[in-house]
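Here the structure is laid out as structure tokens; the discussion comes afterwards.
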Amino acid sequence: MPGTPRRAENAPELTAAQREVLAAQRADPENTTYNVGQYLDLRGPLDAGLLQEAVRRTLTEAPGLHLRFRGGEGRVLAEHAPFAPGAWRLHRLDTSGAADPVDSAIALVRDQLACPPRLDAPAAEADAPAAPLTGMVLVRVGERRHLLVQYFHRIAVDGYGVCLLTHRIAALYRAARRGDPPPACPFAPMRLLVEAERAYAGSAAEAADRAYWARHAAEPPRAALPRPRPAPDAHRIRRRTVRVAGAGAASLEAAVRGARVTWAEAVTAALAAQLYLENDGHEPVMRMYATARTAPGALRVPGAAVNVLPLRAPVRPGDSFRAVLARVAAEFRAARAHQLYRRPPGASGAPPSGVLLNLRPFDTSPDFGDVSARVVPLASGPVEDLSLSAVRDPGGGLRIDLDANGGAYGHEELAGLAARYAELLGRLCAQPDRPLSALAAPAP
């Protein structure tokens, strides 16, 4: 098949997630949305030298991050890219003198994320380094404050894998700061993910999952809201951030405890309620990222395995928020029980449009010892229509990012949608037993 990755002897075998990203990127080489990134807001007496060594060791321990691809005659060859730990350096910048040091640092990173990736290795020299699929920059933005910016291509690592890498960097830094030897490497090799996929293919578990999705996902996801204009591509992504803190966070926590659900299920249920109310009462059908790591040891692999699953969010006339919460939580449990099956019936060759949920229920707060660290997402991947990303703050609040296809949503449309979502979420959590119709946000 044209474009199918092949392997030379000792070359890495790609996971299904990597093959999907490679196919999409090669079909649209100028697409930059598979460049993802975040930064760690580090405050305290940071030792930049120890941090460099921690990052260097982490990159050395994760050879699956260093890949390149050679194309020709309709075939793609995946191979390990050279990585020289001794020559590697953590790039350092200083924007502390700028009018807004943090914004200046972020602007520099966004320029990097906006560069189209070059996955193919140079044709001439076998040992020539390919464009790196990962990168990190340390930016000093003030006295005792730094940003460790991390950017990756989605073919190398998914969101869960980035979390593993970040926690490893923190563990190595913490040990070095105390004068302790480096803790043992916790990572498992990439081949574990590939072997797990091979064991699943053709199994009874795959047949059961296929049957489940055939029954459950006959209708593909629909656009989030009636689009104000057509969306020819998803290269331009707009973002609006909603922060839930203080009294709002306490109200959300109370609603979550009362319904015995998770915060991820609560923010999803609130979005489902909004889509139902603003979309003529149609049942919201969304998509969600799933880690797709159920095999023993798979949760220790810093690589790419993520799958995208359809998620129904049944909302009925007269429902209260508590009723929607219970239904959404049940849908989450069922979807995760069948999360390994790819391309459920109803999906086309390309990912269907619809709201995409990028929730991170795993621990994203790394421990750097005497330096506090807060994770701030910058870019989370392609957006066909609308995406909701959420991450827990160390203080117990939530950061919710609404990313929209720039061809479908203007700045004002997205700002209005985000404002209505934030308002409705607050009212739903404060009064979880009232009918949705009585708590509806104002019409757009």
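Between Y173 and F368, the ring planes are tilted. Angles from 30° to 60° get that label.
Side-chain contact between I155 and Y34 is absent, with no heavy atoms from C-beta onward closer than 4.5 Å. Side-chain contact between D401 and P377 is present, with at least one heavy-atom pair separated by less than 4.5 Å. Looking at V261 and F332, their side chains never come closer than 4.5 Å, going by heavy atoms from C-beta outward. The closest side-chain heavy-atom distance from R239 to T241 is below 4.5 Å. Side chains of Q52 and W88 form a contact here, defined as non-hydrogen atoms less than 4.5 Å apart. Here the side chains of R174 and D180 are not in contact, with every heavy-atom distance at 4.5 Å or above. Considering only heavy atoms from C-beta on, V137 stays 4.5 Å or farther from V109 through its side chain.
Side-chain contact, D158 with Y289: no donor N or O sits under 3.5 Å from an acceptor N or O. A donor atom on one side chain and an acceptor atom on the other are not found under 3.5 Å apart for T58 and R168.
For the pair V36 and S380, the tightest heavy-atom approach, listed with the atom from each and the gap, is CG1-C, 3.6 Å. Across N307 and A292, no two heavy atoms sit closer than the pair CB-CB, 4.0 Å. Closest of all the heavy-atom pairs between D209 and Y200 is OD2-OH, 2.7 Å. Nearest heavy-atom pair across A335 and L309 is O-CD1, 3.5 Å.
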Side chains of residues 184-195: which donor-acceptor pairs under 3.5 Å do they make with residues two or more places apart or in other chains?
none

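Listed by chain and number, the residues in a side-chain hydrogen bond (donor to acceptor under 3.5 Å, both in side chains) with E53 are R56 (sequence neighbours excluded).
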